[in-house]
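What follows is a short report on a single structure.
For this chain, numbers begin at 1 and follow the sequence in order. Whatever order the structure lists them in is the order used to number ligands and atoms, beginning at 1.
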Amino acid sequence: MRYPMDGLPQRVTIYEVGPRDGLQNEPVTVPVEVKAEFIDRLADAGHRVIEATSFVHPKWVPQLADAEELLTRLDRKPGVRYPVLVPNERGLDRALEHGVAEIAVFASATETFAAKNLNRGLESQFEMFEPVVARALDSGVRVRAYVSMCFGDPWEGPTPISQVVTVGRRLLALGCYELSLGDTIGVGTPGHVAALIDAFGGPERLAVHFHDTYGQALGNTLAALRAGVTVVDASTGGIGGCPYAESATGNLATEDLVWMLQGLGIETGLDLDKLVTTSTWLAGRLGRPSPSRVVQALSKG
Ligand code: HMG
Ligand code: MG
């Protein structure tokens with residue numbers, strides 16, 4: 001049954017981050033052929049944008065150290081975008097050598113997380129990103145940007161909204177086509193989401209990226225949709241986290257999001273059954289059940 005609500009978009013783009021945000025945080029490194037199959041299955045389920053991997057330092061995130069090999073193996077489907085995470089010029093060189101057409105840079109809204117995740121300060125992180133964005137755009141590569149710790153930070157507490165807006169606007173001013181607001185540790189609540197989007201002056205060029213640590217990810221997504229956001233990051237199977245923020249647990253599960261959007265009559269282009277089958281398959285490879293509630297409910301039949 002479809003029960004639409006007023007004031008919501010008719011269509012939502014789900015920006016799938018499972019192969020990157022999900023697999024970067026697994027205790028075991030998933031074999032490259034499993035990663036390639038995971039991405040293929042996601043495309044087959046209808047995903048049109050799949051964040052494939054990261055060109056970060058392999059010692060910082062060993063789970064994604066096979067980024068080059070993965071891209072070589074990737075069977076790129078027409079109409080599907082495969083962005084990768086890139087922190088610096090070294091990462092950009094590696095990505096360009098492998099024919100990447102879209103990258104994402106990732107900034108922190110707080111000083112402490114900038115140091116822990118990027119080995120930089122709140123200001124000096126921009127010295128790292130600016131040449132990356134400029135060179136990528138010159139090469140015809142689209143650039144997305146993330147801001148992490150938009151709602152709170154494990155070391156600094158609640159993040160001032162003005163601080164998030166300052167960092168986010170600087171990234172957009174560099175020429176990033178979209179800014180994804182990251183609740184890295186999942187502490188945000190729906191009113192906070194609405195206030196943050198409002199502080200940006202509305203939803204234009206904004207996406208949202210919720211981790212589900214406190215069970216708020218779906219509620220926060222609904223608040224973002226009501227504020228006019230139409231791009232939502234999610235991870236098939238609800239895997240995910242950040243190795244440099246221990247309190248970051250799984251991302252909003254794509255299946256849980258699709259269930260809600262289907263009920264609201266909002267188009268996503270995704271096949272829920274295929275996503276559930278993919279999550280169940282992946283859970284077998286990871287040796288643990290999917291944290292997605294929809295996967296658990298549908299797997300029981
Ligand atoms: P650094 O140690 O300051 O690097 O790390 P450096 O610039 O001083 O370089 C040191 C050496 O590393 C040099 O080699 C570089 O060439 C090499 P040497 O000359 O000594 O032989 N190097 C690299 N090698 C390969 N690829 C590279 C690279 N860069 C430098 N890209 C750095 C700085 C940014 C590299 C490091 O801090 C890093 O890799 N951080 C990434 C951490 C990460 O991936 N975190 C998870 C993703 S973010 C996230 O999950 C949040 C998000 O989901 C949104 C949300 O939830 O909020 C996006
Ligand atoms: Mg994340």
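The count of protein N, O or S atoms under 2.8 Å from the Mg ion (ligand 2) stands at 3, with waters excluded from the count.
Around atom CZ of Arg293, no more than 12 heavy atoms belonging to other residues, nucleotides or ligands sit under 6.0 Å away.
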So what's ligand 1 close to, N/O to N/O, under 3.5 Å?
from     : atom 1 : to     : atom 2 : distance (Å)
ligand 1 : 3 (O)  : Asn119 : ND2    : 2.9
ligand 1 : 3 (O)  : Arg120 : NH1    : 2.8
ligand 1 : 7 (O)  : Arg120 : NH2    : 3.3
ligand 1 : 12 (O) : His57  : NE2    : 3.2
ligand 1 : 26 (N) : Arg94  : NH1    : 2.8
ligand 1 : 29 (N) : Asn88  : ND2    : 2.7
ligand 1 : 31 (N) : Phe55  : O      : 2.9
ligand 1 : 31 (N) : Asn88  : OD1    : 3.1
ligand 1 : 31 (N) : Gly91  : N      : 3.4
ligand 1 : 37 (O) : Asn117 : O      : 3.4
ligand 1 : 39 (O) : His57  : N      : 2.9
ligand 1 : 40 (N) : Asn117 : O      : 3.0
ligand 1 : 45 (N) : Asn117 : OD1    : 2.8
ligand 1 : 50 (O) : Arg20  : NH1    : 3.0
ligand 1 : 50 (O) : Gln24  : NE2    : 2.8
ligand 1 : 53 (O) : Arg20  : NH1    : 3.3
ligand 1 : 53 (O) : Arg20  : NH2    : 2.9
ligand 1 : 53 (O) : Asp21  : OD2    : 3.0
ligand 1 : 53 (O) : His209 : NE2    : 3.3
ligand 1 : 56 (O) : His209 : NE2    : 3.0
ligand 1 : 56 (O) : His211 : NE2    : 3.0
ligand 1 : 57 (O) : Ser148 : OG     : 2.8
ligand 1 : 57 (O) : Thr184 : OG1    : 2.6

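A distance of 9.0 Å separates CG in Leu64 from CG in Leu70, rounded to the nearest 0.5 Å.
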**OP:** Using the side chain to side chain donor-acceptor pair (under 3.5 Å) rule, take Ser108 and Gln125 through it: C-alpha gap first, then chi angles, then the decisive distance, then the call.
**Re:** CA-CA 8 Å; Ser108 171; Gln125 62 179 344; 5.1 Å; no
Original post:
Does the side chain to side chain donor-acceptor pair (under 3.5 Å) test come out yes or no for Ser180 and Asp233, once each step is laid out?
Top reply: CA-CA 8 Å; Ser180 181; Asp233 299 1; 2.8 Å; yes
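For the pair Arg285 and Phe38, the cation does not sit on the ring face, since its NZ or CZ is not both under 6.0 Å from the ring centre and inside 45° of the axis. The cationic group of Arg94 does not satisfy the cation-pi geometry with Phe55, failing either the under 6.0 Å distance to the six-membered ring centre or the 45° limit from the ring axis.
Checked by atom type, the side-chain pair Thr236/Glu255 shows no donor-acceptor distance below 3.5 Å.
Taking Lys77 as the reference, Asp40, Asp75 meet the salt bridge (charged side-chain N to carboxylate O under 4.0 Å, His left out) condition, with sequence neighbours excluded.
Legend: ring-ring contact (aromatic ring centres under 6.0 Å, His included) pairs involving residues 125-168, not counting sequence neighbours, sorted by first then second residue: Tyr146-His209, Phe151-His192.
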